[in-house]
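Each remark here refers to the structure printed beneath this line.
As a basis for the values below, the full set of heavy atoms in this structure was taken, side chains included, without hydrogen atoms, waters or symmetry mates. Quick caveat: nothing in here was measured; it's all calculated off a predicted structure. Here is how names work: the chains are called A, B, and so on, in the same order as the sequence lines, proteins then strands, and each is numbered from 1.
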Amino acid sequence: MRRSKISELLISADAGYEVLVCGWIRTVRNSGSVAFLQVNDGSCLADIQVVVEGDVLSLLETTELCTGCSVKVEGAVVESLGKGQKYEIKASYVEILGTADSNDYPLQKKRHTLEFLRDIAHLRPRTNTFGAMSRVRNAAAFAIHTYFQKHGFQYIQTPMITASDAEGAGSMFRVTTLDLANVPKKGGVPDLSEDFFGKSAYLTVSGQLEAEIFAQAVSDVYTFGPTFRAENSNTSRHLAEFWMVEPEVAFCDLNGLADLAEDFLKNVFAEVIDRCPDDMAFFNQWYDKTTLSTLESIINSDFERITYSDAIAMLKRSEQAFEYPVEWGLDLQSEHERYLTETKIGKPVVVTDYPKEIKAFYMRLNEDDKTVAAMDVLVPRIGEIIGGSQREERYDVLTDRMREAGMEEAEYWWYLDLRKYGSVEHAGFGLGFERTVQFMTGMQNIRDVIPFPRTPNNAEF
RNA sequence: UCCCCAGUAGCUCAGUGGUAGAGCAAUCGGCUGUUAACCGAUCGGUCGUUGGUUCGAGUCCAACCUGGGGAGCCA
């Protein structure tokens with residue numbers, strides 16, 4: 001008999017037919033002559049209740065029938081006599097595939113703290129929360145690809161190893177094949193010409209520069225891949241390894257980019273709500289009772305757009321007691337961003353045109369000569385979910401800015417070439433995938449929206 | 001990296017300088033339809049580690065380790 005996923009079974013359920021179901025037991029209720037098994041296979045949030053009685057039960061080693069064991073069940077789908085489920089399986093055959101010694105199986109049929117579950121990341125996908133997280137993450141990734149594919153973007157695989165040591169987005173992990181206990185040296189310093197790439201190499205902090213290359217050849221592209229930051233960040237919204245989505249659009253200015261960001265986010269949110277209603281309802285009930293209503297209102301309203309200068313003026317007028325000063329030229333702090341998006345405006349805010357001194361060299365210089373065409377998309381609770389800009393496409397302006405930033409032009413010869421040959425207006429942004437999932441689910445800690453989080457001092461599993 | 005908080009049974013927690021506790025889990029028994037099943041009994045501890053104060057430390061102090069919250073860096 002073909003195995004049915006519990007999800008298909010519950011969708012198509014009507015009584016009477018025979019099915020084969022495999023999965024893991026969540027809990028057993030046994031009254032001696034009849035036992036109820038809650039079986040879950042991860043295809044959906046819901047368990048299927050399996051009723052075992054008579055000979056089928058007496059043939060089973062009931063001490064092995066416990067939370068965590070895996071089973072194969074054959075039986076008829078019948079209307080349930082009990083409350084709580086419409087259908088159940090009346091078992092004609094039950095086989096225990098793999099036992100799970102209840103003396104030491106860590107998961108119990110009760111709620112565990114997220115902190116405890118992080119220590120057993122190999123088992124936490126078997127919980128409701130992480131099953132739901134896995135399905136939502138999957139649906140979100142699919143929605144992202146779908147959105148771009150529908151809009152004519154090409155998916156570009158940018159390299160994970162980069163030899164340019166100054167991409168400007170924070171400290172990097174070194175990649176080396178040198179023997180650390182015996183590093184070859186020349187003149188007292190490590191001789192990197194002996195290393196695999198013949199020079200220093202690092203894990204990428206962004207696929208942007210390479211994405212720009214393809215945008216200026218095939219127009220609209222996006223990357224979606226792992227990204228690495230070696231910062232010693234210990235917060236609920238930072239990871240050392242995370243997934244980033246980076247569209248890069250040719251013939252597009254900052255306004256067009258903000259339009260894209262808004263339309264993109266709304267579509268992804270709507271798609272996930274549509275595809276994972278049960279999982280989203282679960283997060284809404286147990287983690288943040290406002291998450292669904294917040295997403296719905298975002299989908300159905302326009303993002304607020306303000307300039308950095310407007311933001312500074314708003315913050316000054318607010319008469320809020322901020323810990324950090326509000327002054328034109330200073331970067332917005334978390335507390336300022338949260339005030340804007342949570343208190344003052346109450347929905348996503350796109351802040352644009354930041355002072356050039358606090359933004360990266362590749363962002364396009366505005367007419368005023370003081371600000372650059374940068375944008376941050378801020379959302380309640382998470383803060384910055386998207387950071388992007390229109391890119392500087394003018395060769396002379398770009399080299400001036402690189403010099404101001406004290407950068408080595410020679411290192412970026414290929415990036416500068418793009419401005420020499422057929423340069424065009426273009427823009428792009430980076431979206432933190434985990435921050436997006438975090439925002440959608442209402443999960444407090446980013447470590448709980450990625451299967452295996454990497455943070456300082458933590459690379460188990 | 002900085003500031004604050006926490007660490008007691010497998011899990012979640014109580015314990016206010018004087019005999020180590022509860023619920024759940026586990027184990028054994030009971031129960032013919034349960035819903036984190038229920039009922040009875042049993043088992044369960046280097047109180048994060050090291051040092052100090054004290055007649056006496058789970059409790060007070062110090063350092064370290066681990067975790068959490070916030071900040072910075074950013075997505």
A:K356 side chain reached by A:M363 side chain, heavy atoms, under 4.5 Å: no

What pairs of nitrogen or oxygen atoms, one from the protein and one from nucleotides 28-31 of chain B, lie under 3.5 Å apart?
residue, atom, partner, partner atom, Å
B:C31, N4, A:N30, O, 3.4

A:Y222/A:Y155 aromatic ring centres below 6.0 Å: yes

Presence of A:T27 side-chain N/O under 4.0 Å of B:A37 phosphate oxygens OP1/OP2: yes

Any A:R237 side-chain nitrogen or oxygen under 4.0 Å from OP1 or OP2 of B:A71: yes

Nucleic acid contacts of residues 323-354 of chain A, taken as heavy-atom distances under 4.0 Å to RNA chain B: A:Y324, A:Q333, A:S334

RNA chain B: 5'-proximal contact among A:K90 and A:E384 (nearest heavy atom): A:K90

B:A14 to B:U53 separation - P atoms, rounded to the nearest Å: 30 Å

Strand-adjacent residues in residues 115-134 of chain A, judged by heavy atoms under 4.0 Å from RNA chain B: A:E115, A:F116, A:R118

N/O contacts under 3.5 Å, protein versus nucleotides 1-6 of chain B?
residue, atom, partner, partner atom, Å
B:U1, OP1, A:N232, ND2, 2.5
B:U1, O4, A:N232, O, 3.4
B:U1, O4, A:N234, N, 3.4
B:U1, O4, A:N234, ND2, 2.9

Sub-6.0 Å ring centroid separation between A:F153 and A:Y147: no

Atom C1', compared across B:U66 and B:G48: separation rounded to whole Å: 7 Å

Phosphate OP1/OP2 of B:A75: any A:R435 side-chain N/O under 4.0 Å: no

5' precedence on RNA chain B between A:L239 and A:N458 (nearest-nucleotide basis): A:N458

A:F36 aromatic ring stacked with six-membered ring of B:G33, 5.5 Å and 30°: no

So which protein nitrogen or oxygen atoms get under 3.5 Å of nucleotides 43-49 of chain B's nitrogens or oxygens?
none

For RNA chain B, the residues among residues 101-109 of chain A that have a non-hydrogen atom under 4.0 Å from it: A:S102, A:N103, A:Q108, A:K109

